[in-house]
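Below you'll find the structure, written out as structure tokens, and then a few comments.
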Protein chains: 2
Amino acid sequence: MFYQLLKPYIDDSIKRSFKRGDIIYHEGSSPQNIYLIDDGLVGLFHLAESGKETFLRVFGKDCIFGHRSFFAGTNYHATSIALKKTEVSIISKAQCDSICQGHPELMKEMVKLMANDLGSAELRLAGIQDKTAKTRIIESMIYLKHKYPEQVWTRKEIAEHAASTMESVARVMTELNDSGLLVKEGRDFEIPDTEKLLAESIQKSS
Amino acid sequence: MFYQLLKPYIDDSIKRSFKRGDIIYHEGSSPQNIYLIDDGLVGLFHLAESGKETFLRVFGKDCIFGHRSFFAGTNYHATSIALKKTEVSIISKAQCDSICQGHPELMKEMVKLMANDLGSAELRLAGIQDKTAKTRIIESMIYLKHKYPEQVWTRKEIAEHAASTMESVARVMTELNDSGLLVKEGRDFEIPDTEKLLAESIQKSS
DNA sequence: CGATAGATTGAGAGTTTTCAACCGATGTGG
DNA sequence: CCACATCGGTTGAAAACTCTCAATCTATCG
């Protein structure tokens with residue numbers, strides 16, 4: 001949607017490539033651009049000094065990222081990292097400003113996007129309080145797998161999205177695999193029946 | 001700021017009063033209005049079935065609330081509750097739409113507001129992972145007390161903001177009171193030196 | 001086929017929460 | 001103005017859910 005709106009303006013934008021693990025921008029630095037993904041997958045992470053990482057958001061083809069800091073007018077609060085080979089178009093501050101100027105309908109979309117992301121973030125915040133680790137892990141597995149099924153998500157990534165640890169994810173996956181609610185396939189996995197799995201997630205962990 | 005922009009349009013808006021504890025809108029219901037606080041204090045809470053509550057945001061004089069759901073186009077994801085005697089102006093959907101239509105500068109402010117709130121929510125999310133309960137409690141005490149110093153914040157409210165429990169808040173407050181970093185005054189408290197208290201919060205809990 | 005990143009599993013530790021009992025402040029009606 | 005009801009706060013002890021640590025195993029890829 002943004003892509004459709006932005007497309008006419010980005011033909012002359014700068015392109016860059018990243019491979020898995022590459023950092024696109026760092027927490028704390030000042031936003032000079034908005035990024036648009038032509039192809040690939042990017043994760044937004046908060047990296048704590050303790051070494052703990054939190055997987056905040058994921059962006060795929062045709063998504064923009066870096067927009068939050070841009071519109072907030074603050075430095076980046078998190079670090080964006082390529083999760084696979086990724087091609088992005090870089091839209092400069094000046095370009096952004098001029099595009100926004102002439103397109104109020106785009107601002108409406110931007111408001112909507114961030115309103116939704118804010119809702120999700122707050123629901124996750126609340127979920128850490130009242131949901132068990134198992135429930136959160138199942139929800140994160142479903143979320144990530146459904147959003148980007150071709151990606152082989154690591155236990156660590158799922159854990160960082162669920163506010164847990166990779167060991168706990170491994171344990172939950174083994175348990176679900178044994179009960180048939182999930183099928184482990186090497187490092188990847190499949191979800192045969194999302195509804196059933198969601199139902200399981202609601203039970204108190206055993 | 002919103003208040004200044006909105007003021008000319010809300011002279012004929014509906015006013016309503018609430019007393020402490022009154023629910024203004026419920027999670028799950030459909031947003032019909034945006035609310036503007038003429039005077040008072042409102043908290044946004046997520047109420048889990050387990051009984052656990054999460055204190056998501058606080059709104060004081062001249063703040064708007066209910067805007068996230070309005071702009072997301074979804075039902076409320078949380079419940080707003082008056083924290084003291086509060087007067088609000090109610091701005092209807094239709095009024096909102098027409099105001100937004102004619103005022104792109106207002107949409108820019110709205111984008112900025114939500115971009116900042118999204119950043120805060122995600123930082124809190126990350127903080128639950130890598131900060132101790134004591135650190136979060138101190139941060140929430142400072143945040144709430146500095147934002148609305150006249151309010152007598154309860155241990156429970158602080159706990160629900162810090163993703164902890166009122167017992168833990170009571171214990172931290174007793175400890176800080178004994179070390180002089182905080183002064184308990186009946187149910188209220190004062191912070192003699194915010195910098196010192198912040199420094200304390202960074203230490204690992206003892 | 002070796003090297004390396006990722007996954008698994010067990011046992012133990014530990015921060016917080018939970019539960020429960022009690023205390024103290026605040027506010028109201030008689 | 002006192003007595004009592006209630007709401008909020010305090011404290012201790014025990015429980016518990018997860019995490020941490022460590023060793024081992026298994027994919028995957030050059």
Side-chain angles (χ1 to χ4, degrees), chain A residues 19-21 48 50-55 81 83-85 127-138 140-141 144 151-178 182-189 201 203-206, chain B residues 19-21 48 50-55 81 83-85 127-138 140-141 144 151-178 182-189 201 203-206:
Chain A
K19 62 177 197 302
R20 177 170 170 88
S50 64
K52 284 239 171 79
E53 304 185 5
T54 307
F55 188 173
I81 305 177
L83 297 173
K84 57 180 284 193
K85 192 172 171 309
I128 296 183
Q129 289 235 66
D130 69 85
K131 292 173 181 171
T132 62
K134 180 179 172 185
T135 299
R136 283 180 272 126
I137 288 166
I138 291 177
S140 289
M141 287 192 310
L144 292 171
Q151 179 75 356
V152 179
W153 297 102
T154 65
R155 280 37 171 177
K156 184 158 171 280
E157 285 158 355
I158 294 166
E160 289 169 355
H161 191 269
S164 182
T165 60
M166 72 172 139
E167 291 92 336
S168 292
V169 171
R171 279 185 249 269
V172 169
M173 284 182 79
T174 298
E175 183 196 329
L176 293 173
N177 186 68
D178 292 348
L182 181 136
V183 180
K184 290 204 276 181
E185 295 177 347
R187 287 179 180 170
D188 201 1
F189 63 92
S201 84
Q203 327 280 307
K204 297 225 137 183
S205 32
S206 52
Chain B
K19 63 178 197 302
R20 177 168 170 89
S50 65
K52 283 237 173 78
E53 304 185 7
T54 307
F55 189 173
I81 305 177
L83 298 173
K84 59 180 283 195
K85 193 172 171 309
I128 297 183
Q129 290 234 65
D130 69 84
K131 293 173 181 172
T132 63
K134 180 178 172 185
T135 300
R136 282 180 273 127
I137 288 166
I138 291 176
S140 290
M141 288 192 310
L144 293 171
Q151 179 74 356
V152 179
W153 297 102
T154 66
R155 277 44 168 174
K156 185 160 171 280
E157 285 159 355
I158 294 165
E160 289 169 355
H161 191 270
S164 183
T165 59
M166 72 173 140
E167 291 92 337
S168 292
V169 171
R171 279 184 249 268
V172 170
M173 284 182 79
T174 299
E175 183 197 329
L176 292 173
N177 186 68
D178 292 348
L182 180 137
V183 181
K184 289 205 278 181
E185 295 177 347
R187 289 178 178 170
D188 201 2
F189 63 93
S201 82
Q203 327 279 306
K204 298 224 135 181
S205 32
S206 50

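Chain identifiers are assigned alphabetically (A, B, ...) following the order of the sequence lines, protein sequences preceding nucleic acid strands; residue numbering begins at 1 within each chain.
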Give the nucleotide from the list [options] with an atom nearest to the side chain of [X].
X: A:Ser164; options: D:dG8, C:dT9, D:dC19; value: D:dC19
X: A:Lys184; options: C:dT8, C:dT16, D:dT10; value: C:dT8
X: A:Ala170; options: D:dC19, C:dT17, C:dT8; value: C:dT8

Mind checking whether B:Phe55 and B:Trp153 have parallel, tilted or perpendicular rings, split at 30° and 60°?
tilted
Treating [X] as the side-chain partner and [Y] as the backbone partner, does any N or O pair qualify as donor plus acceptor under 3.5 Å?
X: A:Asp130; Y: B:Ala48; value: no
X: A:Arg136; Y: A:Ala163; value: yes
X: B:Thr135; Y: B:Ser201; value: yes
X: A:Arg20; Y: A:Lys85; value: no

I need the [atom1]-[atom2] distance between [X] and [N], as an integer number of Å.
X: B:Arg136; N: C:dT16; atom1: CZ; atom2: P; answer: 7 Å
X: A:Leu83; N: C:dA5; atom1: CG; atom2: P; answer: 17 Å
X: B:Ile128; N: C:dT17; atom1: CD1; atom2: C1'; answer: 15 Å
X: B:Trp153; N: D:dG9; atom1: CH2; atom2: P; answer: 13 Å
X: B:Glu185; N: C:dG24; atom1: CD; atom2: P; answer: 19 Å
X: A:Glu175; N: C:dA7; atom1: CD; atom2: C1'; answer: 17 Å

Side-chain N or O of A:Ser168 versus OP1/OP2 of D:dC19: is the shortest distance under 4.0 Å?
yes
Would you check if there is a donor-acceptor pair between the side chains of A:Lys131 and B:Ser50 at a distance under 3.5 Å?
no
Nearest-nucleotide 5' precedence on DNA chain C, A:Gln129 against A:Met166:
A:Met166
Closest heavy-atom pair, A:Leu83 versus A:Gln151, reported as atoms and distance to 0.1 Å, is O-NE2, 3.2 Å
On a heavy-atom basis, which atom in A:Val169 and which in A:Arg155 lie closest, and how many Å separate them?
CG2-O, 3.8 Å
Please list, pair by pair, any protein nitrogen or oxygen found under 3.5 Å from a nitrogen or oxygen in nucleotides 21-26 of chain D.
| unit_1 | atom_1 | unit_2 | atom_2 | d |
| --- | --- | --- | --- | --- |
| D:dC21 | N4 | A:Glu167 | OE2 | 3.4 |

Need to verify one output field. Residue with the more 5' nearest nucleotide on DNA chain D, A:Gly186 or B:Lys156?
B:Lys156
Kindly calculate the angle separating the two end axes of the helix from C:dC1-D:dG30 to C:dG30-D:dC1, each obtained from five base pairs, and round it to 10 degrees.
40°
